[in-house]
Student: 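My questions all concern the structure below.
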Amino acid sequence: MPSSFPMTGKKIRLFQFLFEMLEDPRMASFISWVKPSAGIFQFSAQNKDELARIWGQFKGNKKVMTYQKLSRALRTYSRTGEITKVKRKLTYQFSLVVLRSL
DNA sequence: ATTCTAGGGAGGGATA
DNA sequence: GTATCCCTCCCTAGAA
């Protein structure tokens, strides 16, 4: 449950949203750290679509957000290196530069 | 064979 | 107007 809305202040980015969720213990059943010190995290196989739905709702999208669509955005992060895929199911890694900025 | 996860093309609203 | 950013939507392929 993000605290601020995009209408006021600058727009939140997907990776910032994910980081906030990771830092919230109540969201542990949706997304959780695998190795926090390395910025490695994973989505819950069971609740990843519910987390995506929350993201889409937060952004005010018309259609329902899904993990499939959310993960497409994560793939574009690999171009800039902000987040990369680790060779493990549903797990990704923040770059250390991004991690320090969050 | 069916379901789930990963990858990429296309396009759109917002912004510089 | 033009270019770029940051996703969103959809389709295909590969893994389980």
Side-chain angles (χ1 to χ4, degrees):
Chain A
M1 335 313 208
S3 46
S4 59
F5 237 85
M7 292 266 73
T8 40
K10 64 179 182 182
K11 249 175 278 187
I12 188 172
R13 291 239 263 150
L14 173 58
F15 70 78
Q16 296 174 306
F17 170 83
L18 293 178
F19 183 79
E20 284 184 26
M21 297 303 102
L22 283 161
E23 291 297 286
D24 186 342
R26 294 171 303 177
M27 293 294 135
S29 61
F30 298 85
I31 188 172
S32 59
W33 291 113
V34 171
K35 191 180 179 195
S37 60
I40 301 174
F41 64 96
Q42 69 182 356
F43 292 88
S44 153
Q46 198 157 41
N47 300 325
K48 59 189 190 308
D49 283 307
E50 175 65 6
L51 179 66
R53 196 189 58 71
I54 294 168
W55 162 243
Q57 192 172 288
F58 175 70
K59 286 287 294 294
N61 297 341
K62 292 178 182 177
K63 292 193 155 186
V64 175
M65 179 54 60
T66 62
Y67 173 78
Q68 183 161 191
K69 294 189 287 183
L70 184 155
S71 65
R72 177 68 185 92
L74 295 183
R75 268 173 245 128
T76 84
Y77 282 154
S78 64
R79 287 193 67 254
T80 58
E82 286 165 314
I83 292 178
T84 53
K85 185 77 182 74
V86 330
K87 304 149 295 283
R88 184 169 150 189
K89 183 178 164 184
L90 301 174
T91 113
Y92 298 80
Q93 177 173 202
F94 285 101
S95 80
L96 297 182
V97 175
V98 169
L99 204 55
R100 274 199 306 268
S101 75
L102 291 170

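A, B, ... follow the sequence lines: proteins, then strands. Residue 1 opens every chain. The shown structure was predicted, so the numbers you read here are calculated from the model rather than taken from an experiment.
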Student: Can you identify which nucleotide, out of dC6(C), dT15(B), dT12(C), has its nearest atom closest to the Gln68(A) side chain?
Tutor: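 So the nucleotide nearest the side chain must be dT12(C).
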Student: Taking OP1 and OP2 of dC9(C), is either one under 4.0 Å from a side-chain nitrogen or oxygen of Lys63(A)?
Tutor: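 For Lys63(A), the contact criterion (side-chain N or O under 4.0 Å from OP1 or OP2 of dC9(C)) is not met.
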Student: Checking all strands, does Tyr77(A) fall into the base, sugar-phosphate, or nothing category for heavy-atom contacts under 4.0 angstrom?
Tutor: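 Sugar-phosphate contact only - Tyr77(A) comes under 4.0 Å of backbone atoms but never of a base.
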Student: Could you tell me if Gln57(A) and Arg53(A) have a donor-acceptor pair between their side chains, going purely by distance under 3.5 Å?
Tutor: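 A donor-acceptor contact under 3.5 Å links the two side chains.
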Student: In this structure, how many angstroms lie between the P atom of dC6(C) and the CE atom of Met65(A), rounded?
Tutor: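 Distance, rounded to whole Å: 16 Å.
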Student: Rounded off to whole Å, could you give me the CZ-to-C1' distance for the Arg13(A) and dC7(C) pair?
Tutor: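 These atoms are roughly 10 Å apart.
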Student: Which nucleotide sits closest to the side chain of Trp55(A): dT15(B), dT8(C), dT5(B)?
Tutor: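 Ranking dT15(B), dT8(C), dT5(B) by closest atom to the Trp55(A) side chain puts dT8(C) first.
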Student: Could you work out which one of dC9(C), dG7(B), dC7(C) sits closest to the side chain of Arg75(A)?
Tutor: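 Taking heavy atoms from C-beta onward, the closest nucleotide is dG7(B).
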Student: Students often mix this up, so state it plainly: with edges at 30° and 60°, are the rings of Tyr92(A) and Phe41(A) parallel, tilted or perpendicular?
Tutor: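 Tyr92(A) vs Phe41(A) ring planes: parallel.
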Student: Would a 4.5 Å heavy-atom cut-off, applied to side chains only, mark Arg88(A) and Val34(A) as touching?
Tutor: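 The answer is yes, as the side chains (C-beta and beyond) meet within the 4.5 Å cut-off.
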Student: For Arg79(A), answer base if it contacts any base atom (sugar-phosphate contacts may also be present), sugar-phosphate if it contacts only those atoms, and nothing otherwise; contact means non-hydrogen atoms under 4.0 Å.
Tutor: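 The answer is nothing, as Arg79(A) stays clear of every strand by at least 4.0 Å.
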Student: Please state whether the phosphate of dA6(B), meaning OP1 or OP2, lies under 4.0 angstrom from any side-chain nitrogen or oxygen of Lys85(A).
Tutor: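 For Lys85(A), the contact criterion (side-chain N or O under 4.0 Å from OP1 or OP2 of dA6(B)) is met.
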Student: Distance criterion of 3.5 Å, no angle test: do you see the side chain of Arg72(A) paired donor-to-acceptor with the base of dG8(B)?
Tutor: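 Donor-acceptor pair under 3.5 Å: yes.
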Student: Mind checking Leu90(A) for me? I need base, sugar-phosphate or nothing, with any heavy atom below 4.0 Å counting as a touch.
Tutor: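 Sugar-phosphate: the residue Leu90(A), judged by heavy atoms under 4.0 Å, touches backbone atoms but no base.
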Student: What is the distance, rounded to the nearest whole Å, between atom CG of Asn61(A) and atom P of dT8(C)?
Tutor: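 One finds 5 Å between P of dT8(C) and CG of Asn61(A), rounded.
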Student: Would you say Lys69(A) reaches dT8(C)'s phosphate, i.e. side-chain N/O to OP1/OP2 under 4.0 Å?
Tutor: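 Answer no for this pair, as no side-chain N or O of Lys69(A) is under 4.0 Å from OP1 or OP2.
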Student: Roughly how many Å is it from CG in Leu70(A) to C1' in dC4(B), rounded to a whole number?
Tutor: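 After rounding, the reported distance stands at 16 Å.
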Student: Is a donor from one side chain sitting under 3.5 angstrom from an acceptor on the other, for Gln46(A) and Ser44(A)?
Tutor: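 There is no such pair between these side chains.
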Student: Has the side chain of Glu82(A) got a donor or acceptor that lies under 3.5 Å from a partner of the other kind on the base of dC6(C)?
Tutor: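 No, no donor-acceptor pair under 3.5 Å.
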Student: Rounded to whole Å, how long is the line connecting atom NZ of Lys89(A) with atom P of dG7(B)?
Tutor: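 Atom-to-atom, Lys89(A) to dG7(B), this comes out as 15 Å.
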Student: For the residue pair Glu82(A) and Arg13(A), establish whether any side-chain heavy-atom pair is separated by less than 4.5 Å.
Tutor: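 Heavy-atom side-chain distance check passes, below 4.5 Å.
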Student: Specify the separation, in whole Å, of atom NZ of Lys87(A) and atom P of dA16(C).
Tutor: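 Distance, rounded to whole Å: 14 Å.
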Student: Find the distance Arg53(A):CZ to dT8(C):P and express it as a whole number of Å.
Tutor: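 For the pair Arg53(A) CZ and dT8(C) P, the rounded distance is 15 Å.
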Student: Of the options dC7(C), dT5(B), dC9(C), whose atoms approach the side-chain atoms of Lys48(A) most closely?
Tutor: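 That would be dT5(B).
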Student: Nearest whole Å is fine: how far is dC7(C) P from Leu74(A) CG?
Tutor: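 In whole Å, dC7(C) P lies 10 Å from Leu74(A) CG.
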